[in-house]
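Heavy atoms only: backbone and side chains are in, while hydrogens, waters and symmetry mates are out.
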Amino acid sequence: MPKDQQILIVDDDTNLRKTLTDILHLQGYQPRCAKNGRSAVDLVKKESISAALIDLRLSDMPGLDVLQQIKENSPQTECIILTGFASTESAIQAVNLGAYSYLQKPFEVNQLILTIQRALEKGETTHALSEFEKRYRQLYEGAIDGIISDDLDGRIVDFNSSLLKLLHYSEHELKKLTIWDITPES
């Protein structure tokens, strides 16, 4: 895994930002800092951020709002909430908004680094899967042969445009049929 990824630290505590910056540098990451939520969201709009460490209580806006706006602007950015005011309610909200993890301050450095590594691995896996899906769709739709998929009950679940041309059905018509309706009897 490349370690030159940018990790955003969003915290209004100058000392914590400095400490996390030093730790992330030692681990080979490129830390970026934001002292408030608004500057964090603006930074994510301009730069490719792999992960964000977000304090739950910021001076200008709640950390959960920052999380939500980061995910809206950069869905691939993995977000980790850091808080000294942990609650079950805020943890559930964070996960529902797309947070990868939720850590309570003070946290162990090794636990934080492991959480960051796993978040980045998840992001890389998601990206690779997305790229694979795009290539698959290009091959599937670009094939001159008709391709069809069905479930165990014979219901048609997917097909390419070449199959529609070959059989002279519309998408709507084909979705009403089963595989047995379009294959010759033996």
Side-chain angles (χ1 to χ4, degrees), residues 1-11 16-17 20-21 23-34 36-56 58 61-83 86-105 107-143 147-152 157-161:
M1 166 186 2
K3 286 245 186 159
D4 60 348
Q5 293 149 316
Q6 292 195 85
I7 311 295
L8 176 59
I9 303 162
V10 188
D11 203 303
L16 183 60
R17 283 196 318 268
L20 288 174
T21 296
I23 290 167
L24 292 174
H25 267 302
L26 288 172
Q27 294 296 316
Y29 297 113
Q30 294 179 10
R32 300 298 314 257
C33 290
N36 59 48
R38 178 66 6 232
S39 58
V41 172
D42 290 342
L43 184 65
V44 167
K45 288 178 182 177
K46 296 176 194 167
E47 298 187 29
S48 177
I49 302 294
S50 300
L53 308 175
I54 307 166
D55 186 22
L56 193 59
L58 297 165
M61 62 195 298
L64 292 176
D65 290 352
V66 176
L67 163 66
Q68 186 173 19
Q69 289 183 37
I70 286 175
K71 291 306 259 183
E72 286 171 3
N73 288 291
S74 179
Q76 74 280 2
T77 299
E78 295 299 334
C79 297
I80 300 166
I81 296 292
L82 306 176
T83 184
S87 72
T88 303
E89 181 183 335
S90 64
I92 291 169
Q93 285 178 311
V95 170
N96 286 339
L97 290 171
Y100 174 78
S101 189
Y102 183 98
L103 296 176
Q104 186 170 355
K105 295 176 187 176
F107 45 81
E108 290 192 27
V109 172
N110 290 338
Q111 180 62 41
L112 176 65
I113 296 302
L114 183 61
T115 302
I116 292 169
Q117 289 170 346
R118 288 185 177 158
L120 295 174
E121 288 169 0
K122 176 189 176 268
E124 289 170 0
T125 301
T126 302
H127 177 72
L129 186 58
S130 174
E131 288 299 310
F132 176 77
E133 172 69 18
K134 275 191 233 172
R135 286 195 302 270
Y136 168 77
R137 277 282 147 207
Q138 288 172 338
L139 289 172
Y140 192 78
E141 283 303 322
I147 302 172
I148 190 168
S149 299
D150 64 319
D151 65 14
L152 294 174
V157 293
D158 198 14
F159 46 85
N160 68 354
S161 54

Does some side-chain heavy atom of [Y] sit less than 4.5 Å from a side-chain heavy atom of [X]?
| X | Y | answer |
| --- | --- | --- |
| I9 | L16 | no |
| L120 | I7 | yes |
| I54 | T83 | no |
| V109 | L112 | no |

**Request:** Write down the atom of M61, the atom of R38, and the distance for their closest heavy-atom approach.
**Result:** SD-N, 3.7 Å

**Message:** Tell me if a side-chain donor or acceptor on S90 pairs with a main-chain N or O of A86 at a distance below 3.5 Å.
**Reply:** no

**Request:** Kindly determine whether I147 and Y140 satisfy side-chain contact (heavy atoms from CB on, under 4.5 Å), including the steps that lead there.
**Result:** CA-CA 7 Å; I147 302 172; Y140 192 78; 3.2 Å; yes

**Item:** Check against side-chain contact (heavy atoms from CB on, under 4.5 Å), K105 and D55
**Value:** CA-CA 10 Å; K105 295 176 187 176; D55 186 22; 3.2 Å; yes

**Request:** Examine the side chains of S161 and E141 and answer whether a donor and an acceptor come within less than 3.5 Å of each other.
**Result:** yes

**Message:** One pair to check against side-chain contact (heavy atoms from CB on, under 4.5 Å): Q69 and K45. What are the steps and the verdict?
**Reply:** CA-CA 10 Å; Q69 289 183 37; K45 288 178 182 177; 6.0 Å; no

**Spatial distance of atom CD (Q27) from atom CD1 (I116) [nearest 0.5 Å]** = 8.5 Å

**Request:** Can you measure from NZ (K46) to CG (N73) and round to the nearest 0.5 angstrom?
**Result:** 12.0 Å

**Item:** Crowding at NE2, H25 (>12 non-hydrogen neighbours, <6.0 Å)
**Value:** yes

**Message:** Is it true that, when you exclude E133 itself, more than 12 heavy atoms of the residues, nucleotides or ligands shown sit nearer than 6.0 Å to its CD?
**Reply:** yes

**Message:** Applying side-chain contact (heavy atoms from CB on, under 4.5 Å) to L114 and Q117, what does each step give before you reach the verdict?
**Reply:** CA-CA 5 Å; L114 183 61; Q117 289 170 346; 3.9 Å; yes

